[in-house]
Amino acid sequence: MSFQTLLDEIRKNLLTVLENEKISQIPFTLESAKEGFGDVSCNIAFQAAKTLKKKPNEIAPLIAKQYEKFLGGLVKKVEAHPSGYVNFYAEIGKMAQVIITQSQKTDFGKVDVGQGQRVTVEHTSVNPNKALHIGHVRNVVVGDSMTRILRQANYDVQTLNYVDDSGLQVADILLGFTELKFPLEPPNGQKFDHYCGDEVYVKTTEQYLTKPELQEKRNSILKEIEEGKSDIASFATQITSRVLGEQLKTCWRLGVSYDCLNFESEIVRSKLWPEIFEQLKKMELIKFESEGKNKDCWVILSEGEEDKVLVRSNGTATYIAKDIPYAAWKLGLVDDPFYYKKYSDQPSGKTLYQTTLTPNNSPKHDYSSNLVITVIDSRQARLQNIITKLMSQFSSNKKEYVHLSYESVTLSSETANSLGLDTGGKSAQMSGRKGLYVNADRILDALEQKTKEETKKRNPELSDESLSKIATTVAVATLRYEMIKQDLDKIITFDTAKSLSLEGDTASYIQYAFARAGRILEKSQLAPNFDANYQLLVDDYEYSLIKTIGKLDLAVQDAARNLSPKVIAKFCYSLAVSFNAFYEHVRVLDAEPELVNARICLVSSFQSCLRTALELIGIDTPSRM
RNA sequence: GGGUCCGUAGCACAGCUUGGAUAGUGCGGUCGCUUGCGGAGCGACAGGUCGUGGGUUCAAGUCCCCCCGGAUCCGCCA
């Protein structure tokens, strides 16, 4: 804790003041002050106005006066503003001392929102019949950033990636391979997931318009996949695992890793569904309709909306019957039918496991939690609400299923245009089926090329290998940052040309600040001595930077509590802004040795803070760029 | 038709959870800054009926309701 230390001190003293004044029941909030109003502002005078029957601007001076006896800690001045706020001014040197020293500890920026509680996060979950596009990237990046943030907030996080390998979209490409005879090997060494999505899927679904009989064929393929015994089924496994392998490469390229893969086909074959179906009947959470439009169906009743058919009149289950067992499994509400085996190593060093129904001697894993977070776009909100409600009825109230919803990524009219669609100036929804999307690997390639050129301009002496490495780091950062810097409920209108921008509120701006700081430290040829004279750091730009560093933990807490990764992105940006202003106005190396050391400590503190914060959103910090 | 979400500067967004001071940031525009620790930078200026109307309140961009505009979902498809 750091800026929090200041808040804690003020809160404690204010409570004593209230106690002395016999008005201790007044609730109040302390907040970081706006520019020009000191460091911390308190609304206590507003809150007390009614009780004391006085105006806020009469109460504030009284409080301020009473507080004066507590000055001398971190607070050097307290002031009643005519508006009614009580404003606190901190002792800069002491704040610098506290914050910079604490920033060197390994637990700096860690908070205890989770108290060690286990949470299961599912994200990515892309159908294994195509490559990731930028819409999927939003899901991946939100899920991965949230995972990192929750870990920082002392949650024990398990991440899952659900592979829908028994859906219609898989049947579509199988039909392409078996009936339409697409070659199994992509031309010119094309990535297999790109090939399946761009070629096989798009061209196969096109054919449904002219050859409706293909759709029947598709349905029979789907049935065979679900049953899992035929040659078609094993061919499906072969295709989907190959696509999955390529998809995971894209995810790893983005710096994302997982704990376990779940396959829908195994959920289907595990017999979890019949078991849960019986329980749902017993608990009377579902209803058999004997008349009406859903005659002879089992339905989930839903207030204010259409009932959802769960089991058709012919006795077969609908798709939602695949999602319910999975949700229940994640919450640990059913006996785990799975065995586990290693799927692969990951670039992060973490081993990726997968479920299997084939018995083995490998150790059992447990990925279930009382808190399950599922990252899915907002268009699936209705289905997710049904599942959330059903799970809350199905379990004890200490279990919680959360749909972490985010708005979709659409294409700007210019970008849609470049893909051959005239939208009349409007943005357009992406469509895998129509081939209307921006492929994730390709946008990363374009970003890498651009950033490599930019880096080369500035660092002509660097080797091609170093340049590529830096370019990868900046490219991934840029894409990730664009995907989480805004609120989850805002649509992102993606424009390929604009996405290549590296100025202003972008990841490269932030990384650049880090690199600049590194160059100062490098040039100084000094190791910071943190037993420094922080009283020397009196400049406004220095102080503003120190304060921002001290607020990392507040940002982590906010982001974790509200499941809002953008809070960390905003923090990183404001930290970089503070540093760049400092850099422009304060010369670190042109000062007396004692002051140089104090400033070097600050620069070093800035670096460790920014590195920690950027890690929470999966962004690396190049020392040069 | 019903449900959910969005509406803040030319454009893209923050601020709304927890009401309070002077509504912030980026892009774009105009004008400046480099024999200096890296200009992917810094500074200045211009640009706002916070969609409309009501309500609650001493106080509303923030809370409540109506309306308008936009997005999205609503199959015995997955």
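Convention: sequence-line order gives letters A, B, ...; per-chain numbering from 1.
A donor and an acceptor atom sit less than 3.5 Å apart, one in the side chain of Tyr319(A) and one in the base of A78(B). Side-chain N/O atoms of Asn87(A) and base N/O atoms of A21(B) include a donor-acceptor pair closer than 3.5 Å. Between the base of A40(B) and the side chain of Thr451(A) there is no donor-acceptor pair shorter than 3.5 Å. Scanning atom types as modelled, no donor and acceptor separated by under 3.5 angstrom connect the side chain of Ser378(A) and the base of C5(B). Between the side chain of Arg519(A) and the base of G38(B), a donor-acceptor pair under 3.5 Å is found. Thr493(A) contributes no side-chain N or O that forms a donor-acceptor pair with the base of A12(B) under 3.5 Å.
At the heavy-atom level, Gly167(A) lies under 4.0 Å from the strands shown only through sugar-phosphate atoms. If you check every strand for non-hydrogen atoms under 4.0 Å, Thr29(A) touches nothing. The residue Arg587(A) sits close to a base: some heavy atom pair falls under 4.0 Å. Nucleic acid contact class of Arg458(A) (heavy atoms, under 4.0 Å, all strands): base. Among the atoms of the strands shown, none is found under 4.0 Å from any heavy atom of Arg561(A). No engagement by Lys50(A) is indicated, since no non-hydrogen atom pair under 4.0 Å with the nucleic acid exists. No engagement by Asn385(A) is indicated, since no non-hydrogen atom pair under 4.0 Å with the nucleic acid exists. At the heavy-atom level, Gln429(A) lies under 4.0 Å from the strands shown only through sugar-phosphate atoms. Heavy atoms of Lys295(A) sit under 4.0 angstrom from at least one base atom. Using a 4.0 Å heavy-atom cutoff across all strands shown, Leu502(A) reaches at least one base atom of the nucleic acid.
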In sequence, state the C-alpha distance, the side-chain angles, and the governing distance for Ser166(A) and Ser265(A), and then conclude on side chain to side chain donor-acceptor pair (under 3.5 Å).
CA-CA 5 Å; Ser166(A) 61; Ser265(A) 58; 5.6 Å; no
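Pairing partner, C13(B): G24(B), with both Watson-Crick or wobble hydrogen-bond distances short of 3.5 Å. Shown here, G43(B) forms a base pair with C31(B); the pair counts as Watson-Crick or G-U wobble because both key distances fall under 3.5 Å. When both pairing distances are held under 3.5 Å, G7(B) makes a Watson-Crick or G-U pair with C68(B). Partner assigned to G75(B) is none, using Watson-Crick or G-U wobble distances below 3.5 angstrom.
Taking each heavy atom of Ser427(A) and Thr493(A) in turn, the nearest pair found is CB-CG2, 3.9 Å. Taking both residues in full, the closest heavy atoms of Gly176(A) and Val200(A) are given as CA-CG1, 4.1 Å, listed atom of the first, atom of the second, then distance.
Checked against C76(B), A21(B), G39(B), the side chain of Val309(A) finds its nearest nucleotide in C76(B). Here the nucleotide nearest the side chain of Arg382(A), chosen from C73(B), A78(B), A21(B), is C73(B). Closest to the side chain of Glu407(A), from the set C42(B), A40(B), C5(B), is C5(B).
For the pair Lys566(A) and G15(B), the criterion of a side-chain N or O lying under 4.0 Å from OP1 or OP2 is met. Under 4.0 angstrom from either OP1 or OP2 of G38(B) there lies at least one side-chain N or O belonging to Lys523(A). Between Arg599(A) and the phosphate of C37(B), there is no side-chain N or O to OP1/OP2 separation shorter than 4.0 Å. Between Arg218(A) and C77(B) there is no side-chain N or O to OP1 or OP2 distance below 4.0 Å. Between Tyr85(A) and the phosphate of G19(B), there is no side-chain N or O to OP1/OP2 separation shorter than 4.0 Å. Phosphate proximity of G7(B) to Lys490(A): present, with a side-chain N or O under 4.0 Å from OP1 or OP2. Not one side-chain nitrogen or oxygen of Gln380(A) sits closer than 4.0 Å to the OP1 or OP2 atom of C73(B).
Between Asp558(A) and Asn219(A), the one whose closest nucleotide on RNA chain B sits nearer the 5' end is Asp558(A). Residues Asp590(A) and Phe46(A) both approach RNA chain B. Their nearest nucleotides, taken by heavy-atom distance, put Phe46(A) toward the 5′ side.
Results of the side chain to side chain contact (heavy atoms under 4.5 Å, CB included) test with Leu575(A) over Ile510(A), Asn580(A), Thr548(A) single out Thr548(A) as the only residue that passes.
Stacking here means ring centres nearer than 5.5 Å and ring planes tilted less than 30 degrees, and by that measure Tyr583(A) does not stack onto G41(B).
Between Phe277(A) and Trp273(A), the ring planes are parallel. Angles under 30° get that label, and only those over 60° would be called perpendicular. Ring planes of His81(A) and Phe37(A): perpendicular class, angle over 60° (limits at 30 and 60°).
Between Lys322(A) and Glu226(A) there is a salt bridge, since at least one side-chain N of the basic residue sits less than 4.0 Å from a carboxylate O of the acidic one. Ion pair Arg587(A)/Asp590(A) flagged as a salt bridge, since at least one NZ, NE, NH1 or NH2 atom sits closer than 4.0 Å to an Asp/Glu carboxylate oxygen.
Nucleotides A21(B) and G54(B) have their C1' atoms positioned 27 Å apart, rounded to a whole Å. Spacing between G26(B) and U4(B) at atom C1', rounded to whole Å, works out to 30 Å. C50(B) and U8(B) have their P atoms separated by 11 Å, given to the nearest Å.
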